[in-house]
Q: 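Could you have a look at this structure, given as structure tokens, before my questions?
Lettering of chains follows the sequences in order, A, B, ..., and the numbering in each one begins at 1.
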There are 2 protein chains.
Amino acid sequence: MAATLRQVAERAGVSVRTVSNVVNDFPQVAPETRARVQQALDELGYQPNAVARTLRNGRSGLIALVLPELDVPYFAELTRAVIEQAAEAGYTVVVDQTDGDPVRERELVMRGNRAAMFDGLIFNPLALGGADLRNRPSSTPVVLLGERVVEGGLDHIMIDNVGAAELATRHLLGLGRQRIAAIGDQFDETRQTGQLRTQGYHAALQAAGREVVPELVRPTEFFHRADGAAAMADLLALPQPPDAVFCYNDLLALGALRTILSRGLRVPDDIALVGFDDIEDGRYSTPSLTTVSPDKTQIAKNAVRLLLNRLDGDQSAPTRLSADYTLEIRESTTG
Amino acid sequence: MAATLRQVAERAGVSVRTVSNVVNDFPQVAPETRARVQQALDELGYQPNAVARTLRNGRSGLIALVLPELDVPYFAELTRAVIEQAAEAGYTVVVDQTDGDPVRERELVMRGNRAAMFDGLIFNPLALGGADLRNRPSSTPVVLLGERVVEGGLDHIMIDNVGAAELATRHLLGLGRQRIAAIGDQFDETRQTGQLRTQGYHAALQAAGREVVPELVRPTEFFHRADGAAAMADLLALPQPPDAVFCYNDLLALGALRTILSRGLRVPDDIALVGFDDIEDGRYSTPSLTTVSPDKTQIAKNAVRLLLNRLDGDQSAPTRLSADYTLEIRESTTG
DNA sequence: CTGAAAGCGCTTACAG
DNA sequence: CTGAAAGCGCTTACAG
């Protein structure tokens with residue numbers, strides 16, 4: 001077990017060069033030599049040492065996917081797509097979770113290729129911004145995901161949050177809803193998503209000649225079910241509760257849904273609900289969730305493609321791509 | 001950027017040995033030397049090469065978590081727990097997903113430490129069995145998760161599926177339900193979970209003097225929401241539909257719930273529902289889901305502890321641990 | 001306290 | 001077609 005090339009070479013009575021040739025299936029090996037080497041290989045159960053190979057070749061075949069939270073379904077579903085795309089190109093994806101902790105983000109991303117053993121990184125930052133990223137000491141290629149970083153000088157895949165939020169809000173307006181609330185606003189500079197979606201929400205209301213009612217826009221710390229449930233409870237406690245809510249992700253919407261139904265109210269009859277992300281949960285809730293559906297496969301495909309280009313030495317200017325999205329209309333707005 | 005120890009040494013006018021001493025914070029370095037080296041380090045933006053270190057030290061500080069499906073919430077939640085436990089011990093977890101594909105499982109697990117760069121593996125197999133695992137060519141420590149492998153000669157953490165299923169079924173019996181169905185039976189040898197839970201279901205019925213009605217036990221290919229929804233539709237099409245269903249995981253239960261509610265039936269009034277796994281989704285569904293809750297933190301803690309022991313050279317006989325579980329009683333059985 | 005050197009296991013230009 | 005040797009970047013026993 002754990003034999004080295006050298007040990008195999010000694011056993012077969014050849015040089016390591018020849019063993020290496022056999023292991024790597026190079027053609028220029030005499031048949032009898034090959035057979036002899038192969039036998040030694042089998043007898044010793046030789047397995048090449050990936051670390052030594054990586055040191056020598058400068059490539060590990062590993063790319064890292066660094067995400068805030070793996071147990072948020074959107075990220076879990078995106079991860080699946082990235083793993084599939086990378087596998088097609090012969091790369092293995094390793095995933096790591098930062099919880100948006102700046103220390104962990106920095107640790108995983110800033111130290112770069114010499115500190116870690118990854119050929120490249122696909123990174124969805126929460127805490128780290130453009131300034132941090134621009135003076136990264138490392139030269140490992142990085143592709144950014146998400147809206148956190150506006151100007152990092154790196155390849156970047158995002159979605160048009162303003163436009164998508166506008167679309168969602170317009171859908172609710174089109175249903176004739178009068179008091180449309182929003183759940184998921186954020187002020188923190190490190191959480192751009194909420195702000196951008198609020199912009200879109202405002203834009204849609206204004207385009208329809210509606211006033212923005214400040215108390216209908218509820219901030220949340222996170223985008224989890226519990227936050228949505230709590231924010232919805234606040235909305236229901238208002239003198240004039242909303243008749244529709246745009247939640248900035250599906251988890252918030254599922255939390256809000258739970259609160260609404262537990263009060264005996266009906267969706268969409270009393271309150272219509274729109275989410276964002278199109279996670280599987282929302283397709284099986286009752287009612288199923290109308291939601292903005294970003295094309296996750298496209299995001300994964302582009303992230304991997306951009307990264308592999310960089311690994312192949314592409315020196316062109318950083319690309320910024322906007323992913324496609326659609327509005328999936330389901331029962332939570334149409335009954 | 002990407003300076004080597006040697007380049008730093010040249011710049012500082014010392015040997016690599018001394019630079020290494022400074023980088024690794026060894027005490028026996030003269031203050032002026034240290035300052036000079038530190039300056040060179042800073043000027044060149046030195047970052048140690050993790051691959052070279054690993055080759056030299058024989059340790060990467062990486063452990064791999066190999067799971068069937070990352071976008072199954074139970075695994076996503078378990079992953080979070082493993083990452084947290086490993087981080088406490090200074091290890092970084094990298095996660096990979098096999099989809100239960102024997103080829104991928106073999107690739108990731110069988111080739112072992114010389115093929116990959118991980119110090120150890122935590123592995124939840126679906127396809128690979130004890131026979132495969134016993135003659136692994138590699139000596140990388142592995143801790144197994146799940147019920148697939150009964151005898152692999154490796155450390156193993158599982159839960160008492162029969163007992164847990166019995167507990168769930170007994171709960172439904174205790175509610176006075178007369179026709180208790182089960183969703184998630186499996187015949188495939190590589191999918192033990194379903195079989196074991198069916199055993200527990202049978203045991204509980206028999207202990208209560210009830211007959212097992214074969215058509216009430218529905219097999220499913222996977223444990224996804226769609227499978228649960230379809231199986232439930234079949235159950236509702238029976239001449240005598242069930243008044244309770246034990247689903248072998250929460251995803252199946254959520255799928256079943258969707259089907260039940262979409263027919264205008266009520267849970268638990270018409271049909272009571274129990275799941276398994278205690279994923280967050282089930283706490284926010286309406287009704288919330290009664291479920292068997294395995295102690296995921298304990299599983300993660302034990303898995304990491306066992307693995308680290310092996311990394312520290314522990315040669316004792318393989319351990320088998322049963323994780324704790326409880327029945328979380330919620331609205332889907334109590335209204 | 002510091003240097004010169006070996007070696008982790010591999011790949012590959014250079015000879016022959 | 002095959003061998004002897006250098007080198008990827010690091011750590012560390014051995015000297016001094």
Q: Within a reach of under 6.0 Å around CD of B:Gln39, are more than 12 heavy atoms found that belong to other residues, nucleotides or ligands?
A: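 No - once you tally the heavy atoms of other residues, nucleotides and ligands closer than 6.0 Å, there are 12 at most.
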Q: Return no unless some side-chain N or O of A:Arg53 is found under 4.0 Å from OP1 or OP2 of C:dT11.
A: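 Affirmative; the distance criterion is met.
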Q: For the side chain of B:Val14, counting heavy atoms from C-beta on, which of D:dG3, C:dG3, C:dT11 is nearest?
A: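 The closest nucleotide is C:dG3.
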Q: For A:Leu55 and for B:Pro31, find the nucleotide of DNA chain C with the closest heavy atom, then tell me which residue's nucleotide is more 5'.
A: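 Its nearest nucleotide lies further toward 5', so the answer is B:Pro31.
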Q: Quick one: stems for DNA chain C, with Watson-Crick or G-U pairs under 3.5 Å, at least three in a row?
A: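 Expected stems, ordered by start: C:1-3 with D:14-16, C:5-12 with D:5-12, C:14-16 with D:1-3.
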Q: Among residues at least two apart in sequence or on other chains, which ones pass side-chain contact (heavy atoms from CB on, under 4.5 Å) with A:Asn57?
A: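 For A:Asn57, the residues satisfying side-chain contact (heavy atoms from CB on, under 4.5 Å) (neighbours in sequence not counted) are A:Arg53.
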Q: Salt-bridge test for B:Asp132 and B:Arg106: reply yes if a basic N is under 4.0 Å from a carboxylate O, no otherwise.
A: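 So B:Asp132 pairs with B:Arg106 through a salt bridge.
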Q: Determine whether the side chains of B:Asp42 and B:Gln38 contain a donor N or O and an acceptor N or O closer than 3.5 Å.
A: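 Result is yes, a qualifying pair exists.
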Q: Any idea which of C:dC10, D:dT12, D:dC10 is nearest the B:Phe26 side chain?
A: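 Out of C:dC10, D:dT12, D:dC10, the nucleotide with an atom closest to B:Phe26's side chain is D:dT12.
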Q: Does B:Asn24 make a side-chain N or O approach to OP1 or OP2 of D:dT11 shorter than 4.0 Å?
A: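 B:Asn24 to D:dT11 OP1/OP2: side-chain N or O found under 4.0 Å.
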Q: On a whole-Å scale, what distance lies between the P atoms belonging to C:dA13 and C:dG9?
A: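 It comes out at 23 Å once rounded to the nearest Å.
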Q: Report the nucleotide, chosen from D:dC1, D:dG9, C:dT12, that has the shortest atom-to-atom distance to any side-chain atom of A:Thr33.
A: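 Nearest to the side chain of A:Thr33 among the choices is D:dC1.
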Q: Answer with base, sugar-phosphate or nothing: what part of the nucleic acid does A:Thr18 contact at a heavy-atom distance below 4.0 Å?
A: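 Sugar-phosphate contact only.
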Q: Closer to the 5' end of DNA chain C via nearest nucleotide, is it A:Ser20 or B:Asn21?
A: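 Result of the comparison: B:Asn21.
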Q: Protein-nucleotides 13-16 of chain D N/O pairs closer than 3.5 Å?
A:
| unit_1 | atom_1 | unit_2 | atom_2 | d |
| --- | --- | --- | --- | --- |
| D:dA13 | N6 | B:Arg17 | NH1 | 2.6 |

